[in-house]
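The shown structure was predicted, so the numbers you read here are calculated from the model rather than taken from an experiment. Here is how names work: the chains are called A, B, and so on, in the same order as the sequence lines, proteins then strands, and each is numbered from 1.
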Amino acid sequence: MEDMRGLKRTHHCGALRLEHAGQEVVLMGWVQRRRDHGGLIFIDLRDRSGIVQVVFSPDLSREAFRKAETVRGEYVLAVVGRVEKRPEGTENPHLATGQIDVRAREVRILNRAKTPPFYIEDGVDVDENVRLRYRYLDLRRPEMQRALILRHRAAQATREFLSRHGFLEIETPMLTRSTPEGARDFLVPSRLNPGCFYALPQSPQLFKQILMVAGLERYFQIVRCFRDEDLRADRQPEFTQIDLEMSFIDIDDILDLTEEMVAYICRETAGEEVPRPFPRLSYQEAMERFGTDKPDIRFGLEIKDVTDLAAGCGFKVFASAVAAGGKVKGINAKGCGSFSRREIDELVSFATANKAKGLAYFVVESEGVKSPITKFFTEKEIGAIAGRLEAEAGDLLLFVADRPDVTAFALSALRLHLGERLGLIPEKGLQFVWILDFPLLEYDETERRYVAMHHPFTSPREEDLPLLESDPGAVRAKAYDLVLNGVEVGGGSIRIHRRDVQEKMFAAIGLSPEEARDKFGFLLEAFEYGTPPHGGIAFGFDRLVMLLAGKKTIRDVIAFPKTQSATDLMSRAPDRVAPAQLRELHIKLDVK
RNA sequence: GGAGCUGUGGUGUAGUCGGUUAACAUACCGGCCUGUCAAGCCGGAGAUCGCGGGUUCAAGUCCCGUCAGCUCCGCCA
């Protein structure tokens, strides 16, 4: 093993081009591959910038050639040599540096390496177990490095944009108070305060509002947040938000500004121009047309309401659902009339796996509609339903009749399933949509009271204020979500800044003034000292980067993610700690 | 808390209706080779079939349990 004394890297491997021919260079990197021809050895040297071919020949240096014979994959080398145009016919068009190679005069083996458990290259098909356990090798793969570079550029673009618009980057505590509502907290025991715990922040929500009270006017942060809930492909226990808050603004100010920011990030990272303004849908319209508050609007297959047409029909499943206050809704699966019985059965079981009790269907043919249930409908009813769904010969109409929420859930899932199956979802492209006019409150069946849909500091729309006492469920919030390709990537609201409105809000969710003071005291107290109108938004940075990088999971844009059971397979966190540590924290375990 | 998928040399896979020597590719090791770039040719080594139990004359294969990873439901103001 040798050291790099006296050598200073002059170039990066992937940067060398024909124009460098004739230059003496010093390269540092890892061995991607060695091709030993006996009398001539080629080594592909890789660093962060890319790969270049290094040639070892006894004619150039006997010593370097001998060393090159001992080199293996992932050895770390320093190479001194001259860049040369490759001989005619030996250029490699698949390599950015393929016009040239480097003739090695000297090589130093800076470190040896064990044989890695998988190839260091793009598109590896390895168990994620293995990738996570050897994350440092996984991260050597160019596609992983590209993702992290893109993430870096997204963060840079965010900071640039927001700084330019007068936002201050201000840090907020990681050790904070546990507050009720929301996700489960991660707790940190306090050694100095026996029996007391900090909570890691689920978001800097209360602090950023207090920064508005403090008169900072425009705040942002790219900040880690923690939620102790179960994981998904797009959910990690710790994740990153672009968090911002502004004073003296209303909804449109935030939507306009953050739209511009998001478009800027897309341009700076993925080179995508996204058209503005982004489309806007009300929550109600999104639920009606797509069955979800995070619709993927890149394709059709929209949901149609046929409740009125099904109300009086002879098909009991439909009629009784309507009688019970439910909805009958359908999707026109364009051109799927040719589906076999088995394919339709598959759709039925997909629907029932997504809460529906069943899935009714009409096969539309030129002579009419065929279905096991046509006998329960009149010609006229069938015609009206087919018309509502704009049915043509060759279509397959699918219906769910159930409670409104179940209908929406099942058809939304079915719509996505069909969209994917029929290849209707474009590979490329970023389709944003704002979802507006969320209900302020939703009724919680188990707690038998209204709960805040966003959080209890979200402002109702001024014109809906009178409804807060008479019809709480009908009050619309000044809240907004940003959805990208069917993924919720941002959400926020204009906050309540008037004491009387805040008190009404607490009353509506059944919180007495005493309880409010106990749970949110410091924020309420701050609010008594001159609070400006303010509002903000937070973006899921990992999700945004995931979509910009074209990845299917945020784990692929996080350097050190956790598994679905929230463990780190590399560091083996979490783990037990020494009894002395627990004693110091006054903690006794109760573990079977 | 629940449902589903996956687990076989380092890695990715095959292994039929349970049948005795677990196959293939690649990586790895050795030899030959002066223009390859997924180099090539020859040879070699490498597996408690995730783990535990059961059924059987016989289990990678069937049954039960369990562990791990992934996807989803619940959960995520």
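Checking B:C37, B:C70, B:G35 against the side-chain heavy atoms of A:D44 singles out B:C37 as nearest. The listed nucleotides are B:G69, B:U71, B:C37; the one nearest the side chain of A:T90 is B:C37. Of all nucleotides listed (B:C76, B:G10, B:U36), B:G10 comes nearest to the side chain of A:P117. Side-chain atoms of A:N92 lie closest to B:C37 of the nucleotides B:U11, B:C76, B:C37. Taking every side-chain heavy atom of A:Q53 into account, B:U36 is the closest of B:U71, B:U36, B:C72. For A:F42, whose side chain is taken as the heavy atoms from C-beta onward, the closest listed nucleotide among B:G35, B:C76, B:U34 is B:G35.
With a 3.5 Å ceiling on both atom-pair distances, the Watson-Crick or G-U wobble partner of B:U66 is B:G50. The partner of B:G18, taking Watson-Crick or G-U wobble pairs whose two distances both stay under 3.5 Å, does not exist in any strand shown. Under the Watson-Crick or G-U wobble criterion, with both distances below 3.5 Å, B:G60 is left unpaired in every strand shown. Base pairing analysis places B:A3 opposite B:U71; the two distances defining the Watson-Crick or G-U wobble pair are each below 3.5 Å. Nucleotide B:C24 forms a Watson-Crick or G-U wobble pair with B:G12, both donor-acceptor distances falling under 3.5 Å. B:U36 is unpaired under the criterion used here, namely a Watson-Crick or G-U wobble arrangement in which both key atom distances are under 3.5 Å.
A donor-acceptor contact under 3.5 Å links the side chain of A:D101 to the base of B:G35. Contact of A:R33 with B:C37 (side chain to base): no donor-acceptor pair of N or O atoms is detected under 3.5 Å. A donor-acceptor contact under 3.5 Å links the side chain of A:R86 to the base of B:C37. No hydrogens or angles were tested; on distance alone, nothing pairs the side chain of A:R72 with the base of B:C29 as donor and acceptor under 3.5 Å. Looking at A:D230, its side chain comes within 3.5 Å of the base of B:G74 through a donor and an acceptor atom.
Backbone-only contact: A:R555 has heavy atoms under 4.0 Å from sugar-phosphate atoms and none from a base. Among the protein residues, A:E88 comes within range of no part of the nucleic acid, since none of its heavy atoms lies under 4.0 Å from any strand. A:Q205 comes within contact range of at least one nucleobase, with a heavy-atom separation under 4.0 Å. The residue A:D228 sits apart from the nucleic acid: no heavy atom pair falls under 4.0 Å. Across all strands shown, A:T567 has heavy atoms under 4.0 Å from sugar-phosphate atoms exclusively, and none from any base.
Here the separation of B:C41 from B:C62, taken at their P atoms, is 38 Å to the nearest Å. When the P atom is used for both B:G50 and B:G43, the distance is 32 Å, rounded to whole Å. Comparing the P positions of B:U55 and B:A59 gives a spacing of 11 Å, expressed to the nearest Å. If you take atom C1' in B:C28 and the same atom in B:U21, they sit 24 Å apart, rounded to whole Å. Remark: the separation of the P atoms in B:G52 and B:U71 is 28 Å, to the nearest Å. Distance noted for atom C1' between B:U6 and B:G12: 14 Å (whole Å). Nucleotides B:G4 and B:G9 are separated by 29 Å at their C1' atoms, to the nearest Å. Rounded to a whole angstrom, the distance from the C1' atom of B:G15 to that of B:A23 is 7 Å.
Listed pair A:S57 / B:U34 fails the phosphate criterion, with no side-chain N or O lying under 4.0 Å from OP1 or OP2. Phosphate contact (OP1/OP2 of B:C70, side-chain N/O of A:T553, threshold under 4.0 Å): absent. A sub-4.0 Å separation between OP1 or OP2 of B:U71 and a side-chain N or O of A:Q564 is present. Between A:R572 and the phosphate of B:A68, there is no side-chain N or O to OP1/OP2 separation shorter than 4.0 Å. Proximity of A:R35 to the phosphate of B:A39: a side-chain N or O atom is located under 4.0 Å from OP1 or OP2. The phosphate of B:G74 has OP1 or OP2 within less than 4.0 Å of a side-chain N or O from A:K355. Taking only side-chain nitrogens and oxygens, A:T115 never comes nearer than 4.0 Å to OP1 or OP2 of B:U11. Listed pair A:R232 / B:C73 meets the phosphate criterion, a side-chain N or O lying under 4.0 Å from OP1 or OP2.
Salt bridge A:K551/A:E143: present, at least one basic N to carboxylate O contact under 4.0 Å. Salt-bridge formation is not detected for the pair A:R342/A:D345: no Lys NZ or Arg NE/NH1/NH2 atom is positioned less than 4.0 Å from an Asp or Glu carboxylate oxygen. Salt-bridge annotation for A:K357 and A:D402: present, with a side-chain N of the basic residue lying under 4.0 Å from a carboxylate O of the acidic one. Using a 4.0 Å cut-off between charged nitrogen and carboxylate oxygen, A:D230 and A:R235 do not count as a salt-bridge pair. With respect to the salt-bridge test (charged N to carboxylate O, under 4.0 angstrom), the residues A:R224 and A:E238 qualify. Ion pair A:R103/A:D59 not flagged as a salt bridge, since none of the NZ, NE, NH1 or NH2 atoms sits closer than 4.0 Å to an Asp/Glu carboxylate oxygen. Checked for salt-bridge contact, A:D36 and A:R34 meet the test: a charged N lies under 4.0 Å from a carboxylate O.
The nearest whole Å value for the distance from the CZ atom in A:R46 to the P atom in B:A38 is 16 Å. Rounded to an integer number of Å, the gap from CD1 of A:I100 to P of B:C37 is 18 Å. Rounded to a whole Å, the CG atom of A:L416 is 15 Å from the C1' atom of B:U71. Distance A:N354 CG to B:G4 P: 15 Å, rounded to the nearest Å. Remark: P of B:U11 and CG of A:N129 are 10 Å apart, rounded to the nearest angstrom. When rounded to the nearest whole Å, the span between CG of A:L231 and P of B:G74 equals 15 Å. Counting to the nearest Å, the P atom of B:C72 and the CZ atom of A:R235 are 9 Å from each other. Atom P of nucleotide B:C70 and atom CG of A:L132 are separated by 7 Å, given to the nearest angstrom.
Looking at which nucleotide of RNA chain B each of A:T563 and A:F409 is closest to, the 5′-most match is held by A:T563. Between A:R543 and A:S565, it is A:S565 whose nearest contact on RNA chain B lies nearer the 5' terminus.
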Fill in: Pair A:E74-A:R46, salt bridge (Lys or Arg N to Asp or Glu O under 4.0 Å): steps then yes or no
CA-CA 9 Å; A:E74 299 309 309; A:R46 183 194 70 242; 2.9 Å; yes
Worksheet entry | Verdict with supporting geometry, A:D437 and A:R461, salt bridge (Lys or Arg N to Asp or Glu O under 4.0 Å) | CA-CA 9 Å; A:D437 299 330; A:R461 278 169 53 150; 2.5 Å; yes
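The aromatic ring of A:H37 does not sit over the base of B:G35, since the test of centres under 5.5 Å and planes under 30° is not met.
For the pair A:R415 and A:F299, the cation-pi test (distance below 6.0 Å, angle within 45°) is passed.
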